[in-house]
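Here's the structure, in structure tokens; my notes come after.
For clarity, every value in this text was computed on a predicted model and none was experimentally measured. All chains are named by letter (A, B, ...) in the order of the sequence lines, taking the proteins before the strands, and each is independently numbered beginning at 1.
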Amino acid sequence: MKDAEAKDPFVCLIERVSRALSENLGIDELKAWRLLLQPIKEEYGDLGFPLMRYVKGRRLDAIEILNDIMTRLKNSGIDYVNIELVSGFMNFRLNIPESFKRLVFLMKKGWRPRPEVCSEAKRIVVEHTSANPIHPLHMGHARNSILGDTLSRLLKARGHRVNRRFYIDDVGRQVAIAVLGFELLNIKNPKMLSEELRIKPDHLAGWIYATTHTAMDVVKAKNDGKSKELEELAYSLARLEEREPVGGWTEKILNSISLVDDPEKLISRLINRYERGLEPERTIVRTVSEFVLEGFKETLKRLKIEFDHWDWESDLVWNDLVSEILDRAKKSKYYMIHKGVEAINIPEIIKEIVLKDKDMKKNFKIPRNLEVPPLILVRSDGTTLYTTRDIAYTIKKFREFSADKVINVVGAEQRLPQLQIRLALLGLGFRKEALNLIHYDYEMVRLVGMKMSGRRGVYMALDNIFDEVKARAKEEVLKRNPNESLEWIDSVAEAVALGAIRFSMIQSSASKPLTFDPEKALNFKENSGPYLQYTYARSVGILEKVGEIRWNLIDYEGCKDPMRRRLIVNAMKFPMIAAKAADDLAPEDLATYLLKLSDSFNAWYQRDPVIRESNEGIKYCKVAMVKFISETVKKGLELLGIPPLRRM
RNA sequence: GGGCCCGUAGCUCAGCCAGGAUAGAGCGCCGGCCUCCUAAGCCGGUGGUCGGGGGUUCAAAUCCCCCCGGGCCCGCCA
């Protein structure tokens, strides 16, 4: 094994102890190390294990277990830890001078902190963002994209093969409406137009989509004689008109739609012909979609988010994967006619497959009184539904990447359809796929004092938020670096803004609704991405002032100081914490950990100066610590997709 | 009407799944620290019936039941 790949003393310790605990107590090794990582009070030790939970009611002797662990550790050459039993807990205290010495030995040879690589690498598809190509990415998409991207980074670092995919939903109703808008305005070359008008493609499309949608609703409300609704719609339309890219567009769209007998029929016809791959719809829809995607790509590039594949939903229809699924459904015993259209009998699948199997029940966790309706496959006009196409897409994701697992980052409001999809897969005989499809759901992003609606063109585009945050960051950078070039200041501001936005999107768990307050994202204080970036910049600053690290001068007794000791122990936990965050699909855990580490690092160097330390041995001990923390924070930032800055 | 998620300090949240050692952060507020490695920092102070009520347990913020409040979902939309 190369030294750069060697395991650090802390990871070695955790591995040995977990194995010993697992064998002695008959629990999962994974569970053992997860319990070991639970934070404990410093006075009890560096690691703790709640032994009483397992010893209770069994003929197990805690002292025997302790002795066994001690012996095993001795045999593995791990002599830098002390264990004691206190009120049912097994507490571990590291000999820091000794373990830090081993760590420094590795670091000197090029070892760097990184998440502990898992023993069983899997092939994992992460599908995320997948926004309809009809309007700019907004803050809701931001949470999706950033979660998806961060998960991908974590899983990759954990040693898995990750395939990142964007699903281009070009078949649905939404795109058809946007396309209708482009048609009504007679826009043949959107790209040229957006360049002329200097409007980003997705922003231009967003206006056209919202206006067309609203105009359609206006006409509908008029025909139905709903005057109250009409009033609100007229207001929305007026708001849109204020922002129209070219004078008269709103009127043109509204008038054109008013002339059509039944706009819905027009949309239906468009979808129908597009699904069949007929021209000119084929070219028109693709042109508009591709045009909007260019805008997405620009935004995503800023967020440092990349994809391995861009999958066209229409390809699934044209390449017969959807009809393959439909055929399979027809032959299935769960095929049914529901409300006069083709469907899959989901309730029957639950009854016959899920409820009869204990593991299935656990995997699907279907609430007792939840009625999952049948899944309709085809509309009465012959076009397919999103869920049908998504079944096909799931199969494609598993097949193309030979995936063990597929993670869909999709909003929590889509829980029911996502569950239906998994159940349908199960009923159609795709058992492995059904069990390994994960709906990674997240709650809504709410903007303070604002209700968003894409259909009405009311949303806070990510691009605009980013610009706002960047402008604020620029002020701060400029204040601190008045003599730097504008170019440098701009690039730092961009990175700081990215750090602020990415961090704010992952710092709380996905299951909680997130209230995005632009004011708060502009707060670059503690508990923020920029705070982590600052911590890293400071550590680099110190190292640069020190120059070359004289490893052989280090006096390891220097780590005994309580503050330094605590810091080293905290940082040593990084590989395991990051690994756990990856396994749990919980980037927020890593974020919280990095904040804590930064806190203790910042508190430390401010009280215990490094460069001015007069004792050379102690000084280089501290320098080694700074190097260690610096590399840890850097790796952590990379995992979160936040650019580490050497200076800010 | 049914289901899911959330409810912990004035605000934003961690801890809950795998029950245990005096319930943790940050923001805010009050008071300090820039001839000293970047003050996006540090130090000190302030602040909690863990939504309410029952139950299980030696032990409950954590598990179970009921209730209350907020969000979401129950479409031939996605």
Any residue of residues 580-591 of chain A with a heavy atom less than 4.0 Å from an atom of RNA chain B: none
Name the nucleic acid region contacted by A/R389, choosing base, sugar-phosphate or nothing; use a 4.0 angstrom heavy-atom cut-off, strictly under. sugar-phosphate
Using a 4.0 Å heavy-atom cut-off across all strands, classify A/P373 as base, sugar-phosphate, or nothing. nothing
For nucleotides 5-9 of chain B, give me every protein contact, N/O to N/O, under 3.5 Å, one pair per line with atom names.
residue, atom, partner, partner atom, Å
B/rC5, O2', A/S511, O, 3.0
B/rG7, OP1, A/K512, NZ, 2.7

Residues 171-180 of chain A vs salt bridge (Lys or Arg N to Asp or Glu O under 4.0 Å), sequence neighbours excluded, gives A/R173-A/E264
So, is A/Y531 near the phosphate of B/rC42, with a side-chain N or O under 4.0 Å from OP1 or OP2? yes
Just to confirm, is there a sub-4.0 Å distance from OP1 or OP2 of B/rG41 to any side-chain nitrogen or oxygen of A/N602? no
Between P of B/rC72 and CD of A/E413, the distance in whole Å: 10 Å
Can you tell me how far C1' of B/rC73 sits from NE2 of A/H439, to the nearest Å? 12 Å
Taking only N/O atoms, report every protein-nucleotides 24-33 of chain B pair under 3.5 Å with atom names and distance.
residue, atom, partner, partner atom, Å
B/rG24, OP1, A/K41, NZ, 2.8
B/rG26, O4', A/N527, ND2, 3.2
B/rG26, O2', A/E526, O, 3.3
B/rG26, O2', A/N527, ND2, 3.2

Which range-with-range stems can be found for RNA chain B when each stem has 3 or more Watson-Crick or G-U pairs in a row and both distances sit under 3.5 Å? B:1-7 with B:68-74, B:10-13 with B:24-27, B:28-33 with B:41-46, B:51-55 with B:63-67
Show me the donor-acceptor pairs within less than 3.5 Å that the side chains of residues 540-547 of chain A make with the rest of the protein, sequence neighbours left out.
residue, atom, partner, partner atom, Å
A/E544, OE2, A/R646, NH2, 3.1

